[in-house]
Amino acid sequence: MDSREEMAPAVRSILDAARERSGGASRVTVDDARSLPAAVGAAEADGRTPVVAEVKPTSPTTAGETERDPVELAEEMVAGGAAALSVLTEPEHFGGSIENYRRVREAVDVPVLRKDFLLEEAQLDAVAADVVLLIARFLGDDLAAMLEAARDRGMQVLVEVHSADELERAVDAGAEIIGVNNRDLTELEVDLDTFEAVAPAVPDSATLLAESGISTTADARRMREAGADGLLIGTAIMDGDPRENTTQFVNA
Ligand SMILES: O=C(O)c1ccccc1NCC(=O)[C@H](O)[C@H](O)COP(=O)(O)O
């Protein structure tokens, strides 16, 4: 893991809060996880760009916080053609909650990613999730153990990387769903070149998502041309009409 000094202050604060968050009261087992790779494949077969639309009430790089109901937003995204959803459960910096995750998963029938900054095995037990995000940069040497702990519970894992080195660690740890984040967590700057640089080394067998900074349909096409099986899009879908925005990306 990077030293604290190398991280943006907002990211230091996110990690400090994550270290304080408790896990679930008891171990969770998921026996009905909805498959993210299958949903991505089905959208592709259907002629839709596979979009993982994110319910993201706010973030360190977003002005203000939406007051819209997460379930209403999620239903609009699915109606717009999203193959899957991502729901923030981080409360302090993203306005998310475990309750939002539970309510959204109950309301839709697509796979739902739990988007959080998980550092400890017990934090996996906060809610039964189809897919959890594990960030290679933050987990360092604990990545393989966390991945196994999530799979033991029946959850799929999206391993997020930002560099060739992190990708190598993700592959060594056994990642099968990989997200290349275009947002640099040191400066919080977004650069779509990141995906183009890292994607060629991702094994063909992995389901590969491009994450962050996809603002236009031209960006979406660019990420697809660079090898993305699916696109994880938050801000550009949340900003305005989520159904229309999702449809635009689905038809990109
Ligand atoms: O989105 C942020 O401001 C942010 C800041 C610090 C750490 C992580 C952050 N985002 C997490 C995400 O993974 C994004 O929400 C996701 O990739 C969607 O990105 P975007 O489409 O650019 O909203």
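Scope of the values below: all heavy atoms of this structure, side chains included, with no hydrogens, waters or symmetry mates. When a ligand or atom number is given, it counts from 1 through the structure's own listing order.
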Considering non-hydrogen atoms of the protein only, which is the closest contact for [atom], and what is the distance?
{"atom": "atom 21 (O) of ligand 1", "answer": "G234 N, 2.8 Å"}
{"atom": "atom 10 (N) of ligand 1", "answer": "R183 NH1, 3.5 Å"}
{"atom": "atom 9 (C) of ligand 1", "answer": "F94 CZ, 3.6 Å"}
{"atom": "atom 17 (O) of ligand 1", "answer": "S212 OG, 2.7 Å"}
{"atom": "atom 11 (C) of ligand 1", "answer": "K115 NZ, 4.0 Å"}
{"atom": "atom 1 (O) of ligand 1", "answer": "K56 NZ, 2.8 Å"}
{"atom": "atom 23 (O) of ligand 1", "answer": "T235 OG1, 2.5 Å"}

Are the side chains of [Y] and [X] in contact, using a 4.5 Å heavy-atom criterion?
{"X": "P203", "Y": "V171", "answer": "yes"}
{"X": "D184", "Y": "T194", "answer": "no"}
{"X": "T235", "Y": "S215", "answer": "no"}
{"X": "V202", "Y": "L167", "answer": "yes"}
{"X": "V161", "Y": "E168", "answer": "no"}

Nearest heavy-atom approach of V71 to A107 is CG1-CB, 3.6 Å
Where R243 and D241 come nearest, the two heavy atoms and their spacing:
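Smallest interatomic distance, heavy atoms only, reads N-OD1, 3.0 Å.
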For [X], the ligand 1 atoms whose distance to one of its heavy atoms is below 4.0 Å:
{"X": "T61", "value": "1 (O), 2 (C), 3 (O)"}
{"X": "L185", "value": "7 (C), 8 (C)"}
{"X": "G213", "value": "20 (P), 21 (O), 22 (O)"}
{"X": "L188", "value": "5 (C), 6 (C)"}
{"X": "I233", "value": "21 (O)"}
{"X": "L232", "value": "16 (C), 17 (O), 18 (C)"}
{"X": "P60", "value": "3 (O), 5 (C)"}
{"X": "S59", "value": "1 (O), 2 (C), 3 (O)"}

D125 (side chain) donor-acceptor with G23 (main chain) under 3.5 angstrom
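Flag not set: sc D125 to bb G23 has no pair under 3.5 Å.
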Is it the case that the side chain of N182 and the backbone of F195 share a donor-acceptor pair, with hydrogens and angles ignored and the cut-off at 3.5 Å?
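Such a contact is found between N182 side chain and F195 backbone.
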Give yes if a backbone or side-chain nitrogen or oxygen of [X] is under 3.5 Å from a nitrogen or oxygen of ligand 1, and no if not.
{"X": "E211", "result": "no"}
{"X": "E160", "result": "no"}
{"X": "I14", "result": "no"}
{"X": "I214", "result": "no"}

Which one holds for [X] and ligand 1: side chain close, backbone close, both close, or neither close, with close meaning a heavy atom under 4.0 Å?
{"X": "V190", "value": "neither"}
{"X": "H93", "value": "neither"}
{"X": "E54", "value": "side chain"}

Output yes when [X] and [Y] qualify as a salt bridge under the 4.0 Å nitrogen-oxygen rule, no when they do not.
{"X": "E148", "Y": "R151", "result": "no"}
{"X": "D172", "Y": "R169", "result": "no"}
{"X": "E121", "Y": "R153", "result": "yes"}

Looking at ligand 1, would M238 count as a contact under a 4.0 Å heavy-atom criterion?
no
For R137 and T186, does a side-chain donor sit closer than 3.5 Å to a side-chain acceptor?
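The criterion, which ignores hydrogens and geometry beyond distance, is satisfied for T186 and R137.
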Trace of the side-chain contact (heavy atoms from CB on, under 4.5 Å) decision for V157 with M146:
CA-CA 9 Å; V157 178; M146 279 290 276; over 6 Å; no
